[in-house]
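Since the structure comes first, as structure tokens, the remarks are kept for the end.
Atoms within each ligand, like the ligands themselves, are counted from 1 in listed order. Start at 1 with the first residue, then count along the sequence.
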Amino acid sequence: MKLIIAIVNNDDSAVVSSALTNENFIVTKLSTTGGFLMVGNTTFLIGANDDDVARVKEIIKKYSQTRTAATHSTASFGRDLNNNDMPTEVKVGGATVFVLDVNSMDKY
Ligand code: 2BA
């Protein structure tokens, strides 16, 4: 069994969630914040059989889009710390997906 951790843009999270649950995958959604842009995203926890991991990744990839976001060169250090705060753009997502081995899963 695997635990899939997928960080998805908030704008895509509803459709990703629906697509996964429509195929009977069980998901938990967490409201999270990216450390760089400091804007909200959605983190999905999905416990899945090894054989289903490829399908889960396929669904997430299909419904997660890459976007361009405006930020500032000093974003990771806090804004307005100096006057050289240059606007710039970064590409965000589609999705960032981690797959972890699971030792055991129990439901009580
Ligand atoms: P954020 O940390 O807000 O990052 C948003 C986007 O800013 C990133 O897009 C990347 O293009 C850029 N970025 C992030 N850190 C940067 C840095 N130190 N210098 C320059 N550019 C940087 P994505 O890579 O698609 O990441 C989207 C969101 O996924 C991230 O939001 C974060 O919440 C999560 N994430 C991505 N990679 C991760 C990782 N290795 N570990 C944990 N979370 C990750």
Distance, nearest 0.5 Å, that separates CE of M38 from OG1 of T71: 10.0 Å

Donor-acceptor pairs under 3.5 angstrom involving side-chain atoms of residues 3-18: please list them, not counting sequence neighbours.
residue	atom	partner	partner atom	Å
N9	OD1	D11	N	2.9
N10	OD1	T42	N	3.3
N10	OD1	T42	OG1	2.7
N10	ND2	G40	O	3.2
D12	OD1	R67	NH2	2.9
D12	OD2	Q65	N	2.9
D12	OD2	R67	NH1	2.8
S13	OG	N10	O	3.1
S18	OG	A14	O	3.0

Side-chain donor-acceptor contacts of residues 92-108 below 3.5 Å, not counting sequence neighbours, with atom names and distances?
residue	atom	partner	partner atom	Å
D101	OD1	K2	NZ	2.3

Contact check, side chains of I46 and I26, non-hydrogen atoms, under 4.5 Å: no

Structural part of N41 in contact with ligand 1, heavy atom criterion under 4.0 angstrom: side chain

Which segment of L37 sits under 4.0 Å of ligand 1 when only heavy atoms are counted: both

Check: V92 N/O within less than 3.5 Å of ligand 1 N/O: no

Option of least heavy-atom distance to atom 9 (O) of ligand 1 (set: K91, E89, R67, M38): K91

Shortest non-hydrogen separation from A19 to I59 and the atoms involved: CB-CG2, 3.5 Å

Salt-bridge present (E58, R55; N to O < 4.0 Å): yes

Heavy-atom nearest neighbour of atom 24 (O) of ligand 1 within options V97, T71, T96: T96

Heteroatom proximity flag, V90 to ligand 1, N/O under 3.5 Å: no

Residue G93 vicinity, atoms of ligand 1 by number, heavy atom under 4.0 Å: 23 (P), 25 (O)

